[in-house]
Protein chains: 2
Amino acid sequence: MKKDKVTIYDISKKLNISAATVSRALNNNPKISEKTRALVAKTATEMNYKQNRLAQALKNGRTNNVGVIVPYINRSFFSSVIRGIEEELTPQGYHIIICQSHEEAENEIEQLNALLNTQIDGIFMSVSKTTQNTDHIKKAMEEQTPVVFFDRKIDVEGVSSVVLDDFKAGFMATEHLIDQGCKKIAHLSGDINLEIYKNRYEGYKADLQKYDIEYKDELVINTSSKIESGMQAIDELWKLKDKPDAIFSAGDYAALGAIQELKQRGIKIPEEVCVVGFSNEPFTKYMELPITSVDQTPLMMGKIAAQVFLEQVKGDQALSIEKKVVLSPELFIRDSSSRKILNLSDGV
Amino acid sequence: MKKDKVTIYDISKKLNISAATVSRALNNNPKISEKTRALVAKTATEMNYKQNRLAQALKNGRTNNVGVIVPYINRSFFSSVIRGIEEELTPQGYHIIICQSHEEAENEIEQLNALLNTQIDGIFMSVSKTTQNTDHIKKAMEEQTPVVFFDRKIDVEGVSSVVLDDFKAGFMATEHLIDQGCKKIAHLSGDINLEIYKNRYEGYKADLQKYDIEYKDELVINTSSKIESGMQAIDELWKLKDKPDAIFSAGDYAALGAIQELKQRGIKIPEEVCVVGFSNEPFTKYMELPITSVDQTPLMMGKIAAQVFLEQVKGDQALSIEKKVVLSPELFIRDSSSRKILNLSDGV
DNA sequence: TTGTACGCGTTATCAG
DNA sequence: CTGATAACGCGTACAA
């Protein structure tokens with residue numbers, strides 16, 4: 001049995017004033033005498049009054065809760081984005097509810113509906129790999145619940161998004177490899193169904209073109225974000241007559257697998273082959289051979305997504321227009337691709 | 001302006017029955033005719049009705065929301081525990097609200113109070129390093145809001161907890177080192193103010209005693225969970241006349257720093273010095289020299305914490321007694337401490 | 001089996 | 001400046 005909570009009625013009775021007055025005093029309503037406000041405030045703390053946000057939410061339709069849906073919360077990237085969102089929104093009085101889709105569209109839909117039921121004020125999400133249909137997103141929009149995509153988005157009319165410029169990232173990574181003197185650059189791509197992987201791949205292709213390097217299909221291997229997958233890729237690539245002298249992987253785990261397999265074969269990194277990964281996973285910088293990787297600035301991504309949301313809800317409803325933010329990637333150059341002596345900026 | 005949501009009144013009007021009947025039908029109240037129940041269910045979905053959990057919560061005093069307070073959500077350990085909690089509680093209809101304390105007692109208190117205001121059904125937390133006072137916890141208890149500590153706890157009457165057997169972990173790690181033939185085992189300890197670090201230290205001492213190895217104060221170095229801290233520790237230890245032949249670190253980052261510094265000095269691992277870390281951070285297994293480490297089974301910890309909570313709320317209030325669960329650590333033996341050829345179980 | 005009426009804790013409106 | 005009252009959406013004794 002919950003201990004009885006004190007309500008504004010309790011304090012109104014004690015002070016012989018109306019509950020309405022108490023409410024107004026507590027909310028710093030301008031048309032209330034300074035005297036009563038002070039009195040109410042004082043007795044409120046005395047009686048250990050705490051405003052019931054539930055009743056408040058029921059009344060004004062806003063819960064000050066937002067939902068976040070990600071594939072898995074314990075992935076370094078996602079948990080960092082969530083941290084960014086949290087740090088931006090908590091000072092504004094919001095609470096963050098987290099859900100996992102486990103990379104299943106079905107779960108994603110279920111979680112989203114559950115969130116809508118809770119009368120959430122907004123939803124942040126990174127779509128699952130299996131999500132194709134956008135009906136659930138449209139449903140949220142119909143209910144006027146703002147949705148903000150981050151990292152992985154789907155095009156839906158009126159939905160804002162904050163993503164990385166994956167094209168540029170692919171371009172930068174490839175350019176860096178060319179800059180190291182590499183000519184035959186292989187690409188370990190991810191699931192092309194996801195926009196992010198497609199863009200990284202396109203960036204890679206575009207940069208090759210810029211430097212008049214012939215694009216070869218055989219140098220592009222489809223991988224999953226697993227270490228073994230990177231190993232298998234090397235296995236395949238090294239069957240070629242014309243072997244690559246650089247690897248640009250769309251994921252750090254595949255890059256790591258590639259490195260392990262290359263070492264296994266006695267191939268020197270970066271002298272014979274340069275390797276660049278993607279995501280700047282924490283482990284990349286801790287290796288004996290630290291791995292060059294593209295950083296997705298997850299904290300920043302979370303903070304900006306939060307800001308986009310705040311603009312959306314604070315602005316007049318008429319102003320709440322779709323906003324597309326594209327963040328610039330940062331390349332952290334480390335030993336796995338540093339043939340030149342410049343070992344650039346890289347905090348521990 | 002939110003689009004008008006359909007309520008039970010809308011559907012009652014449409015069907016010319018009372019809202020009460022609709023409510024009952026929706027809640028599968030036994031005393032309702034199968035015919036009306038089906039009819040209500042059908043039109044409910046037709047009208048796209050969604051129950052307002054807010055109103056429901058206000059009514060029955062339960063929100064089906066729980067709060068989780070951790071120092072930082074993007075630490076591998078914490079995000080994994082949260083994942084465990086989420087996966088256990090979501091199927092039961094709960095939502096998880098996350099907060100960060102940033103290792104500051106002040107924030108922790110603020111977040112906890114904010115959660116209590118939202119009428120949360122329970123709170124999971126790992127206390128911050130600076131938390132000494134327990135008034136805020138007691139306050140939650142007074143309001144009959146169950147609190148479950150995980151990993152880092154503080155003793156408070158009536159509060160359940162799920163923690164690792166850190167003593168055993170320290171003991172196991174040390175024993176493993178002795179088993180490898182090490183005689184002079186140094187310990188990089190953490191902040192002794194936190195119970196967990198104290199227990200690891202005590203476990204270390206106890207195991208030395210078991211094997212009649214003299215405990216030496218000079219072999220215990222206080223470190224923070226930073227790489228540099230581990231390096232400095234080696235710096236200090238190697239000033240000793242009698243240098244250690246093993247390092248048991250209470251954290252993986254300090255262990256990594258120690259390894260880097262040892263390599264720098266040309267000391268062979270594990271031949272000359274064996275190293276064991278703590279937490280089984282993802283990077284430990286990806287290193288060229290994979291690091292032996294104690295796993296804290298975070299996913300399991302989260303799931304069990306969730307179960308303890310569920311028992312607490314489901315059981316009759318009289319039964320909700322304090323429950324203390326202690327989990328057994330798992331030692332993942334890897335190359336940094338494997339002198340013998342047995343390279344035990346270790347999934348990628 | 002179903003309907004009526006009230007309350008959960010707040011806030012907004014309308015008087016005064 | 002303050003008080004009375006309705007309403008947010010739902011669940012539930014009580015009555016029918």
Side-chain angles (χ1 to χ4, degrees), chain A residues 1-41 44 47-65 93 116-121 143-144, chain B residues 1-41 44 47-65 93 116-121 143-144:
Chain A
M1 180 113 78
K2 288 256 179 186
K3 191 170 163 183
D4 292 321
K5 298 268 175 68
V6 317
T7 74
I8 50 172
Y9 278 91
D10 298 320
I11 121 159
S12 80
K13 251 179 275 173
K14 183 153 190 171
L15 261 40
N16 276 322
I17 55 178
S18 82
T21 306
V22 176
S23 171
R24 282 188 278 249
L26 257 20
N27 290 323
N28 293 322
N29 187 312
K31 38 180 71 176
I32 209 88
S33 80
E34 188 50 50
K35 205 177 66 184
T36 42
R37 183 213 310 301
L39 184 62
V40 168
M47 298 177 71
N48 192 27
Y49 165 79
K50 275 180 316 207
Q51 134 158 275
N52 186 328
R53 290 179 76 222
L54 234 59
Q56 198 181 223
L58 178 60
K59 186 64 187 155
N60 62 24
R62 296 177 57 251
T63 55
N64 272 346
N65 285 159
L116 291 177
N117 276 290
T118 352
Q119 311 298 110
I120 234 71
D121 289 352
E143 297 188 12
Q144 309 290 326
Chain B
M1 182 113 74
K2 288 256 178 187
K3 190 171 166 184
D4 292 321
K5 297 267 175 69
V6 318
T7 74
I8 50 172
Y9 281 91
D10 298 321
I11 121 160
S12 79
K13 250 178 277 175
K14 183 153 193 171
L15 261 41
N16 278 323
I17 56 176
S18 81
T21 306
V22 176
S23 170
R24 282 187 278 249
L26 257 19
N27 291 323
N28 292 323
N29 187 311
K31 40 180 69 173
I32 209 85
S33 81
E34 188 51 51
K35 204 178 65 183
T36 41
R37 183 212 311 301
L39 184 62
V40 168
M47 300 178 71
N48 191 26
Y49 165 79
K50 275 181 315 209
Q51 116 162 297
N52 186 329
R53 290 180 77 222
L54 233 60
Q56 197 179 226
L58 179 60
K59 185 68 187 153
N60 62 24
R62 295 178 58 252
T63 55
N64 272 345
N65 285 159
L116 291 178
N117 273 291
T118 351
Q119 312 297 108
I120 232 71
D121 289 351
E143 296 187 14
Q144 310 288 329

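Protein chains get the first letters and strands the later ones, always in sequence-line order, with residue 1 at the start of each.
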Quick one: does A/Gln56's side chain get under 4.5 Å of A/Asn60's, heavy atoms only? yes
Does a side-chain heavy-atom distance below 4.5 Å link A/Ile11 with A/Val40? yes
Can you check the A/Lys31 NZ to C/dA15 P distance for me, whole Å? 14 Å
First of B/Pro30 and A/Gln51 reached from the 5' end of DNA chain C, by closest nucleotide: B/Pro30
Using a heavy-atom cut-off of 4.0 Å across all strands, would you classify A/Asn60 as base, sugar-phosphate, or nothing? nothing
Within this structure, what is the CZ-to-P distance between A/Arg37 and D/dC1, rounded to whole angstrom? 10 Å
Short side-chain N/O contact to C/dT2 OP1/OP2 from B/Ser33, under 4.0 Å: yes
Donor-acceptor check, side chain of B/Asn27 to backbone of B/Asn29, threshold 3.5 angstrom: yes or no? no
Please round to the nearest 0.5 Å and tell me the distance separating atom CZ of A/Arg24 and atom CD1 of A/Ile8. 10.0 Å
Between B/Asn64 and B/Arg53, is there a side-chain heavy-atom distance shorter than 4.5 Å? yes
Counting distance only, does the side-chain N/O of B/Thr118 pair as donor-acceptor with the main-chain N or O of B/Ile120 below 3.5 Å? no
In degrees, rounded to 10°, what is the bend between the two ends of the helix from C/dT1-D/dA16 to C/dG16-D/dC1, using five pairs at each? 40°
Atom CG of B/Leu54 and atom C1' of C/dG9: how far apart are they, to the nearest Å? 12 Å
Checking all strands, does A/Ile32 fall into the base, sugar-phosphate, or nothing category for heavy-atom contacts under 4.0 angstrom? sugar-phosphate
Heavy-atom side-chain proximity of A/Leu26 to A/Gln51 below 4.5 angstrom: no
Could you check how far CG of B/Asn117 sits from P of C/dG9, rounded to whole Å? 14 Å
Side chain of B/Lys59 only, heavy atoms from C-beta on: which candidate in D/dG11, C/dT2, D/dC8 is closest? D/dG11
Check whether any side-chain heavy atom of B/Met47 lies under 4.5 Å from a side-chain heavy atom of B/Asp10, and answer yes or no. yes
May I have the distance from A/Arg62 (atom CZ) to C/dT10 (atom P), rounded to whole angstrom? 17 Å
How close or far is atom P of D/dG9 from atom CD of A/Gln119, stated in whole angstroms? 9 Å
Rounded to the nearest angstrom, tell me the gap between atom CD in A/Gln56 and atom P in C/dG9. 14 Å
Identify, residue by residue, the members of residues 7-24 of chain B with a heavy atom below 4.0 Å from DNA chain D, and return them in order of residue number, or none. B/Thr7, B/Ile8, B/Tyr9, B/Ala20, B/Ser23, B/Arg24
Is the shortest heavy-atom distance from the side chain of A/Leu15 to the side chain of A/Val22 under 4.5 Å? no
Interatomic distance where CG belongs to A/Asn27 and P belongs to C/dT13 [whole Å]: 13 Å
